[in-house]
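What follows is a single structure, written as structure tokens, with notes after it.
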Amino acid sequence: MKTSQIRSAFLEFFRSKGHTIVPSSSLVPSNDPTLLFTNSGMVQFKNVFLGSEKLKFVRAADVQRCLRAGGKHNDLDSVGYTARHHTFFEMLGNWSFGDYFKREAIAWAWEFLTGVLKLEKDRLWVTVYHTDDEAYAIWNEEIGVPAARIVRIGDNKGAPFASDNFWQMADTGPCGPCTEIFYDHGADIAGGPPGSPDEDGDRYIEIWNLVFMQFDRAADGTLTPLPAPCVDTGMGLERLAAVLQHVHSNYEIDLFQRLIGEAARLTHTGDLENKSLRVIADHIRACAFLIVDGVLPSNEGRGYVLRRIIRRALRHGWMLGQKRPFFHAMVPVLVEVMGDAYVELTEKRELVESALRKEEERFGETLENGMRLLESALKEDTQYVGTASSSSRVVPGKIAFTLYDTYGFPVDLTADIARERGWTVDMAGFEAEMGQQRERARSASQFDSKATLPAELASALPPTNFLGYEMLDADGVEVLAIVRDGRAAPALDDGDEAIVILDRTPFYAESGGQVGDTGVLTSADGRFEVADTVKLGGVFHAHVGRWRGGALRAGARVDARVDGARRQATVLNHSATHLLHAALRKELGTHVQQKGSLVAPDRLRFDFSHFQPLGADELRRIEDLVNAEVRRNSEAQVREMAYQDALDFGALALFGEKYGDEVRVLRMGEFSTELCGGTHVGRTGDIGLFKILGESGVAAGVRRIEAVTGAAAIAHVAEEEARLDEIGSLLSAHGAEVVDKLRQLFERQKKLERELESFKARAASSATQDLAAAAREIGGIRVVAARVDGLDAKALREGVDGLKQKLADCVVLLAAGADGKVALVGGVHGAALGRIKAGDVVAHVAALIGGKGGGRPDMAQGGGIDSPALDAALAALPDWVGQRLS
């Protein structure tokens, strides 16, 4: 079976078993800020297992794209050198959320493998957790797997639950035993069955893992049965394809053979077994899907991981002799083999190709810079003693790492170049730097997460009924729960900070870039001051704030009041972001995609994909487009409809966002139609005025526009007018006269600066004439060491150059003091060059005045503190030069 057929067969099988087929979520987790990338199939369902998110179905199946190339889960360095490691891979999974459990999960797994895929039953082995007698009995007595092929796997090193066959989401929370299915490749392959000393061999390969989440683990290790046990399974598509296509390595399956063949063609490589081709074939999938999911190359976070993967692929292209851009040309074949399964890859093909090509061109530039750094290191006179003997010249590990990390320079290329010059590379030092970098990457991958509800509480609460689309006040709403320090609390006392969950609320919870509402919850006993409203688990509105008054108890009734003025100002900015998005796509092109937003009462911020800064004319046209739609005063229509109906209606959805079956569609005239769950104006004219404050870059390929609307926009215009009036008053000009007056001032300033430079040059020339006459001769070399205040660094350099020409064989040092600091410029010329260096001269004097300096043998600069020590150092310099000359 081809890989595409396996995907379809899996989904159709579980569709027939009553499962809802859900699409793959983005590689960038939308509901888990602790993860750098989606690294397993369960990520998009994490809140469901925790009980804080409710779904309309209890059975699901999917093919989830995953990435393991950063943070804790990182297989990057193994890719290409093993049979089954990948950065990007696809995980087949079926899920039960409190519905079926072990018996059905095991039976269906066996039916799919042996009935649909026709795998030989006697080649399949299974493992169970050593205390899971229930799973063992199902496999042995109901499925009929012989006891000899069922392996009980115990704890590792005696640690509680530290086992490949016991899965847990974290140190506490949902967990449970696993059962794994292994395929026996045959006796001609080395390796023993699971659980044996030789289990790491390649004969027995795990293909499917069935996780049975049936316990809630407390901090003390106590296991409590979950009220609704769940099933979470995962089967690697690439591994399964290798089994079905009777090959041993994942890289031999049809999908990879097509990519490897294209990589060989583009790099002119005849050996299809070359490991570099495997790396390129693997990395094109990871890079393309990261870009599809909104990640672009940069120097931090996810963008940095993407850049590393791209450059690793390019490095292997260089190793194959391909020095010109080629990686982006892999995209058409990738679309050919995976575009049917992932339509977003086809839709964003041009964006992927463009981003990769730009990064390839950038890599070419940095490679040249890296070569200059390496050439400089190889020319150093001093030897570096690393782990090699002191008689050899060694490129420091730190330099090798800088070449690799900053310039994308492969360390083996560094070693090859060094070897040609009789040098080696301090690999131990390089690995030490790499270790520190990995530690920094692990630290950077830990994101802060927001408050969460206890799992037992979340599973018992109904979703919050949001009233805020129609009203800002609601009387007599019930306090369903109070949460303090992550635990349910029965009541609040005066001054307590907490989260309050209501059965219904007019407070909008932060979502889609729109900030949460503020306001108050009041009762006869006091008031809860709501400082923020956040959404937990996608369904609960959590009111964050402080209670003032007597006791507030769960079950009490309160009146909810939203800060109406703040909400209205936020509404104007939110609707304006949709108009801005539409204007950007009209002006710049449909490649523009929203990359983030902030909608607050005082301003809006909109991040979008674009590869270059926007000019003043472009910004003006975009602003004009938005304001034209504001003046048109179109009705802002909000409709609720099925997700697919919304797309058919022409609504623009943000890729990677999770949408429910029913969505809200905001349509403002014929200008903008998007999916959005936020709160909005009734007509575009309510926005009043839209004014852009600025445009900037926030990452490679991502730009940001900040703007204001309504009263804030009018206030901004008034402030600009006031500043213009103040400038006019200072210039004694008004209106258009201001520009003319400024232009005249600038022209006059330039003229004065030219005259000043001329005066300085004449002063420097006059000073050097006097200094030349006073030069002291030592051993045939004339020495000048003098202080010439009033000259800047440029004039000092010109003065040194002038003295060098006048004196021929000379050593010159000029100093100028200003604001407590001293600038030093030194020069050596003629016969003196072979005997003394300008850098040494400047460094000597700088050290005496608490500074430093250096440079070329003929010209150097430095500085230090202006003190009496300077005069002494200058007076003693001729004797110091004499000692050096002798």
Side-chain angles (χ1 to χ4, degrees), residues 294 343-344 347-348 350-351 469-470 511-514 568-599 604-610 614-615 617-657 659-692 695 703-710 713-714:
V343 294
E344 56 270 28
E347 294 170 351
K348 297 190 177 182
E350 291 184 4
L351 172 65
Y469 291 130
E470 293 81 25
S511 180
Q514 181 174 335
Q568 180 59 18
T570 304
V571 159
L572 302 186
N573 285 331
H574 198 164
S575 296
T577 62
H578 288 269
L579 297 181
L580 173 59
H581 192 188
L584 287 165
R585 289 170 65 88
K586 288 180 183 296
E587 174 66 23
L588 304 178
T590 56
H591 69 279
V592 168
Q593 297 288 336
Q594 180 176 339
K595 294 299 178 186
S597 67
L598 171 67
V599 182
L604 67 90
R605 186 180 73 210
F606 191 79
D607 297 346
F608 58 97
S609 54
H610 193 56
L614 275 62
D617 290 343
E618 288 177 311
L619 289 173
R620 175 57 61 85
R621 288 194 294 271
I622 291 164
E623 189 177 86
D624 288 346
L625 281 171
V626 174
N627 282 315
E629 189 59 28
V630 170
R631 291 192 302 274
R632 196 169 284 116
N633 199 26
S634 302
E635 182 181 1
Q637 301 175 333
V638 177
R639 306 181 187 183
E640 292 193 5
M641 60 182 73
Y643 177 70
Q644 189 56 51
D645 292 341
L647 298 183
D648 296 340
F649 185 64
L652 184 66
L654 298 182
F655 184 76
E657 287 291 313
Y659 295 103
D661 296 333
E662 292 290 319
V663 295
R664 287 173 62 86
V665 178
L666 171 68
R667 185 166 195 168
M668 292 184 280
E670 300 298 320
F671 193 74
S672 171
T673 305
E674 292 190 55
L675 302 185
C676 184
T679 57
H680 291 283
V681 298
R683 307 190 73 90
T684 58
D686 297 345
I687 296 170
L689 176 65
F690 172 80
K691 187 66 181 173
I692 293 176
E695 186 267 354
R703 309 298 301 175
R704 170 174 293 174
I705 283 179
E706 296 187 77
V708 288
T709 62
I714 294 172

Compare every heavy atom of V663 with every heavy atom of A646, then report the nearest pair and how far apart it is. CB-CG2, 3.7 Å
With F690 via ring pair (Phe, Tyr, Trp, His ring centres under 6.0 Å) - residues at least two apart: none
Do F671 and T684 have side chains that get closer than 4.5 Å, going by heavy atoms? no
Give me the atom names and distance for the closest heavy-atom approach of T570 to V599. O-CG1, 3.4 Å
Is L652 close to T673 at the side-chain level, that is, under 4.5 Å between some pair of heavy atoms? no
Using a 4.5 Å cut-off on heavy atoms from C-beta on, say whether the side chain of L604 contacts that of L580. yes
Can you name the residues that form a salt bridge (charged side-chain N to carboxylate O under 4.0 Å, His left out) with E670, not counting sequence neighbours? R667
With E587, which residues qualify under side chain to side chain donor-acceptor pair (under 3.5 Å), at least two apart? R621
Measure the CG-OG1 distance between L584 and T577 for me, rounded to the nearest 0.5 Å. 10.5 Å
Looking at every heavy atom in both S609 and H591, which two are closest together, and how far apart are they? OG-O, 3.0 Å
Checking D645 now: which residues fulfil side chain to side chain contact (heavy atoms under 4.5 Å, CB included) with it, not counting sequence neighbours? M641, A642, D648
With the side chain counted from C-beta on, respond yes when H578 and H680 share a heavy-atom pair under 4.5 Å apart, and no when they do not. yes
Check side chain to side chain contact (heavy atoms under 4.5 Å, CB included) between V638 and all other residues, then give those that pass, not counting sequence neighbours. R664, L666
With rounding to the nearest 0.5 Å, note down the distance linking CG in L614 to CD1 in I622. 4.5 Å
Applying side chain to side chain donor-acceptor pair (under 3.5 Å), can you list everything that pairs with S597, at least two apart in sequence or on another chain? Q594
In Å and rounded to the nearest 0.5 Å, what is the CG to CD distance from L579 to E623? 13.0 Å
Under the side chain to side chain contact (heavy atoms under 4.5 Å, CB included) rule, collect the residues that match up with L647, sequence neighbours excluded. Y643, Q644, A653
Kindly compute the distance separating CG (L588) from CZ (R703), expressed to the nearest 0.5 Å. 11.0 Å
Mind checking salt bridge (charged side-chain N to carboxylate O under 4.0 Å, His left out) for R631 and listing every partner two or more places apart, or none if nothing turns up? none
List for me each residue that meets side chain to side chain donor-acceptor pair (under 3.5 Å) alongside E635, sequence neighbours excluded, and say none if there are none. none
Donor-acceptor contact below 3.5 Å, side chain R585 vs main chain V592: yes
My understanding is that only one of Q568, H574, Q514 makes a side chain to side chain donor-acceptor pair (under 3.5 Å) with T679; could you say which? Q514
What heavy-atom pair brings M668 and S575 nearest, and what distance separates the two atoms? CE-O, 3.4 Å
Is any side-chain heavy atom of V626 closer than 4.5 Å to one of I687? no
Is the CD atom of E350 crowded by more than 12 outside heavy atoms at less than 6.0 Å? no
Residues in salt bridge (charged side-chain N to carboxylate O under 4.0 Å, His left out) contact with K595, at least two apart in sequence or another chain: none
Contact summary for A636 and V681, nearest pair of heavy atoms: CB-O, 3.2 Å
Restricting to side chain to side chain contact (heavy atoms under 4.5 Å, CB included), what partner residues turn up for E706, sequence neighbours left out? R603, R605, R704
Shortest non-hydrogen contact from D686 to L572? O-CD2, 3.4 Å
All ring pair (Phe, Tyr, Trp, His ring centres under 6.0 Å) counterparts of F649, not counting sequence neighbours: none
Nearest 0.5 Å please: distance from the CD1 atom of I714 over to the CG atom of L689. 6.0 Å
Is there a side-chain contact between T709 and V630 (heavy atoms, below 4.5 Å)? no
Working to the nearest 0.5 angstrom, can you tell me the gap between E618 CD and H610 NE2? 6.0 Å
